[in-house]
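Notes to accompany the following structure.
Throughout, protein chains are lettered first and strands after them, A, B, ... in sequence-line order, and every chain is numbered starting at 1.
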Amino acid sequence: MSRDYKAILNPVQYEACVHVSGPLLILAGAGSGKTRVITHRIAYLIENAGVDPSSILAVTFTNKAAREMKERVENLVGDGARRIFVSTFHSMGARLLRQHHREIGRSPNFVIYDKSDQEKLVKQVLKEREIAETAMSLQTAMLKLDSAKNNGYTPEDVHNGSRDYLFAGVYGDYEKKLQQADALDFGDLLMAFLGLLKQHQHIREYYQQRFRHVLVDEFQDTNTVQYSILKRMLNADRNLCVVGDDDQSIYRWRGAEVGNILNFEQDFPGARVIKLEQNYRSTGNILEAAGAVIARNSQRHGKKLWTSAGRGGPITVCVAANERAEADFIRDTIRELMRGENYQWSDFAIMYRANALSRVIEDSLSQARMPYVVAGGLRFYDRKEIKDVVAYLRLINTPNSSVDLERVINTPPRGIGAATIARLQAAARDRDCSPWAVLENPPDDLGAAARRKLGEFRGMMTGLMEQAKDQPLPEMVKLVLRQSGYLDMLTGEGTEEARGRMQNLDELVSFAAEFHQRPEDNSLQAFLEQSALVSDQDSVDLKGKSVTLMTIHTAKGLEFPVVFLTGWEEGVFPHSRARENGDELEEERRLGYVGITRAMRRLFITRAEERTVYGDRRPQRPSSFLLDLPRECVREVRAGRFGAGPYQQPWRRPDDETIQRPRYQLGGPVRSPAPPQPTVPARASPPARIATLVRDPEPAGASINPSDAIVHNEAVRAGRSWLEVYQSGDWQKLVPTRREEPAPAPPLESKVEYEPGVRPSRAERRDGGAWSPGSRVRHSKYGVGEIHERAGEGPEAKVKVYFPGEGIKTIIARFLTPV
DNA sequence: GGTTATACGATTTTT
DNA sequence: TCGTATAACC
């Protein structure tokens with residue numbers, strides 16, 4: 001059976017496909033048929049070069065990519081493809097490390113710790129070492145830990161190398177805690193794997209002999225440790241094929257080392273380099289725009305995408321008055337395209353730099369009743385209730401896991417408080433063992449009650465561990481739910497929220513049932529490993545009939561007929577944090593490149609002239625990336641109502657010198673922007689009716705007649721919601737049980753005016769400038785009072801307030817609520 | 001030992 | 001603005 005590869009592939013793709021031995025670097029531009037080349041190359045190796053499938057190793061970054069690769073190769077070569085070892089770096093590491101658990105001082109059941117688990121351990125270490133926040137914050141410690149592990153540095157390396165003794169100590173303690181907890185973190189799955197390859201010749205040789213051909217996808221995203229692993233697994237034949245795109249390297253901040261792909265030829269002399277530059281995805285205009293943006297980067301191999309298709313329609317750049325208008329523009333455009341051309345909802349994607357930008361867009365889409373899904377956000381396995389129950393399961397599987405023990409020991413509440421837990425931890429430290437081991441033999445400084453409760457907890461857990469041995473997975477989960485009291489706790493709450501949590505737990509049970517049915521390893525161990533190593537990229541579902549909202553990072557590897565890129569403003573995109581650092585700016589530009597190249601037919605880039613950032617309204621300047629777009633590819637539109645003022649052209653040709661010239665000249669005319677006019681809701685007077693409150697049943701001690709109470713606002717905090725209700729001149733908080741559909745909010749009314757030169761304080765801006773003399777305010781302690789005068793400027797505006805019975809008090813405005 | 005007030009901080013997140 | 005971590009409180 002011979003396949004006509006020449007007919008299926010273009011000449012360059014063909015070359016890459018039939019290169020059998022020796023190092024090969026495939027620089028695969030966006031949309032250049034990369035997956036096609038990889039899968040056909042594997043097929044070629046098996047069918048034409050006589051390579052045994054089981055001697056091929058293909059490494060990807062996501063489970064999804066691994067799954068897809070396997071499927072597609074299977075479609076080409078049939079069942080033989082099953083013997084190819086397709087895996088992510090991390091699951092490969094986990095698998096090997098379980099086999100060699102003794103060498104790394106773990107049980108075969110070791111647990112995998114994620115970032116939040118790591119954080120808990122690091123926090124403990126910082127506390128134990130009495131390191132002040134100012135000396136090293138948790139955040140700094142985590143950053144250093146991450147970078148050490150990405151580069152393969154041990155605590156000793158840090159100590160001797162960078163001489164950061166403080167951190168080296170923290171790192172050492174952390175490692176010890178990990179070991180005591182019978183845990184490995186994500187970094188260890190790679191680092192310890194590398195350690196085994198380095199230290200044990202037989203392990204190294206086993207892999208070198210077993211895998212004659214190694215293939216790596218998304219090579220631009222590999223970190224130092226991953227690259228070292230690859231090098232050590234190679235035998236003298238050096239059959240390493242790496243595929244990637246330096247222009248799409250967007251995970252530098254996660255440790256990805258672009259240098260790996262940039263210097264590949266130096267590392268592997270004689271390596272063949274093939275550039276896939278023909279693009280089969282996008283129109284000419286889109287490619288040209290992408291090329292113009294990325295051309296400004298200096299650190300790159302240099303590729304120029306081309307297409308045999310036409311230019312296509314122009315790229316639309318939309319300048320909107322504010323983020324609201326931006327969102328409405330997107331909504332309207334989608335509606336229009338849905339009406340006219342032959343599109344379906346899932347053809348549209350809206351991409352942004354940061355998750356926070358999705359909110360306004362969601363509001364607009366849901367108001368228009370358009371179906372949409374937000375990719376990413378809170379992962380299923382990150383939900384509290386899921387984490388809780390999974391922690392029980394992890395504890396059953398790995399009793400020494402301290403993070404899990406501490407998570408569940410008082411969830412649901414068992415009267416085991418912070419003090420008792422602290423004693424448990426202290427004892428564990430003294431005895432150099434895990435907290436679980438301490439439970440067997442509790443320390444003396446515990447009271448009788450605490451001792452009893454700990455005993456009960458331990459009894460419950462050992463009971464679960466006993467029963468776990470001979471129960472199928474879904475039954476186990478149910479057992480945990482019942483015996484831990486978790487289900488009772490939720491039932492007892494009886495809230496809407498608790499019901500939602502129960503639904504999620506039902507879903508977890510279904511997951512477990514599904515997992516139990518699978519032909520491969522369906523143990524608890526395997527289930528937990530899967531839950532630790534899944535991501536939301538694995539579950540971006542494009543078959544759904546909805547518009548997709550996501551960050552550009554999440555969009556990497558995907559394509560859509562119509563793409564909207566939002567928030568192209570200085571500080572938003574490129575992000576303000578990237579401004580000083582040239583490397584980071586280059587990464588932002590690559591991100592822009594990734595975003596643009598997701599589009600197949602139509603691309604819309606939007607920006608707002610004014611946007612609320614962290615609660616502050618700010619005028620926004622156009623993104624410098626807009627200046628790079630070739631003018632002839634672009635059409636500009638404006639959306640929303642704009643205030644007065646001259647309009648600036650958002651972009652010029654990149655070679656146009658006018659953009660380099662300073663905007664202002666000494667002695668020349670300037671105009672300062674008008675100071676922002678604060679507009680505030682008049683909350684002191686009864687607001688317009690938004691919804692009528694209906695309560696059922698009447699809560700105890702209620703003093704409100706539901707029928708005439710007016711709901712002003714629904715507040716949601718910490719997962720709970722309540723209504724702010726205005727009645728008889730007073731504000732109250734109520735927990736709603738039933739309410740009518742909210743009507744649109746009434747227009748806001750301006751109240752306070754500022755003299756020229758006087759800026760409202762942060763507090764005033766936040767609370768709507770209600771701090772003028774005469775306003776009535778409420779203080780948590782002193783009750784309702786009247787503002788006497790303002791006492792000072794600045795971000796913490798103070799006011800003197802007269803409280804009946806208390807006299808005049810000076811109070812920071814932030815601590816007052818308008819009445 | 002659990003609830004409530006206040007302080008604080010805030011990209012991106014393949015495993 | 002909004003969500004969370006910590007301190008202060010009962």
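- A straight line from CG of A:Asp583 to C1' of B:dT12 spans 16 Å, rounded to a whole angstrom.
- Checking the phosphate oxygens (OP1, OP2) of B:dA10, a side-chain nitrogen or oxygen of A:Gln139 falls inside 4.0 Å.
- In this model, the phosphate group of B:dT14 is not approached by any side-chain N or O of A:Thr554 to a distance below 4.0 Å at OP1 or OP2.
- Classification of A:Arg67 and A:Glu71 as a salt-bridged pair fails, no side-chain N sitting under 4.0 Å from a carboxylate O.
- For B:dT13, the OP1/OP2 oxygens have a side-chain nitrogen or oxygen of A:Thr551 closer than 4.0 Å.
- In this structure, A:Arg414 and A:Phe61 both approach DNA chain B, and ranking their closest nucleotides by distance from the 5' end singles out A:Arg414.
- Remark: P of B:dG2 and CE of A:Met489 are 13 Å apart, rounded to the nearest angstrom.
- Between A:Asn410 and A:Thr88, the one whose closest nucleotide on DNA chain B sits nearer the 5' end is A:Asn410.
- A stacking contact links A:Trp253 to B:dT12: the aromatic ring centre lies within less than 5.5 Å of the base's six-membered ring centre, and the planes differ by less than 30°.
- Between A:Ser401 and the choices A:Thr398, A:Asn397, A:Asp404, the side-chain hydrogen bond (donor to acceptor under 3.5 Å, both in side chains) rule is met once, by A:Asp404.
- Remark: C1' of C:dG3 and NZ of A:Lys384 are 16 Å apart, rounded to the nearest angstrom.
- Taking only side-chain nitrogens and oxygens, A:Asn355 never comes nearer than 4.0 Å to OP1 or OP2 of B:dA10.
- Salt bridge annotation for A:Lys120-A:Glu406: absent, with no cationic side-chain nitrogen under 4.0 angstrom from a carboxylate oxygen.
- Listed pair A:Arg359 / C:dC2 meets the phosphate criterion, a side-chain N or O lying under 4.0 Å from OP1 or OP2.
- If you measure from atom CG of A:Leu591 to atom C1' of B:dT13, you get 12 Å, rounded to the nearest angstrom.
- In this structure, the aromatic ring of A:His553 is not positioned over the six-membered ring of the base of B:dT12 within 5.5 Å between centres and 30° between planes.
- Within the nucleic acid shown, A:Lys149 has no heavy atom closer than 4.0 Å to any nucleic acid atom.
- Between A:Tyr251 and B:dT11 there is no side-chain N or O to OP1 or OP2 distance below 4.0 Å.
- One atom, CG of A:Asn63, and another, P of B:dT14, lie 11 Å apart when rounded to the nearest Å.
- When distances are taken from the side chain of A:Tyr614 to each of B:dT12, B:dT14, B:dA10, the shortest belongs to B:dA10.
- We find that CZ of A:Phe573 is positioned 13 Å from P of B:dT12, with the value rounded to whole Å.
- The nearest whole Å value for the distance from the CG atom in A:Asp146 to the P atom in B:dT13 is 15 Å.
- Under the rule for a ring-ring contact (aromatic ring centres under 6.0 Å, His included), the partners of A:Phe219 that lie at least two apart in sequence or sit in another chain are A:Tyr227, A:Phe264.
- Scanning for ring-ring contact (aromatic ring centres under 6.0 Å, His included) contacts around A:Phe89 gives A:Phe61, with sequence neighbours left out.
- Spacing between atom CZ of A:Phe186 and atom P of B:dT13 amounts to 15 Å, rounded to whole angstrom units.
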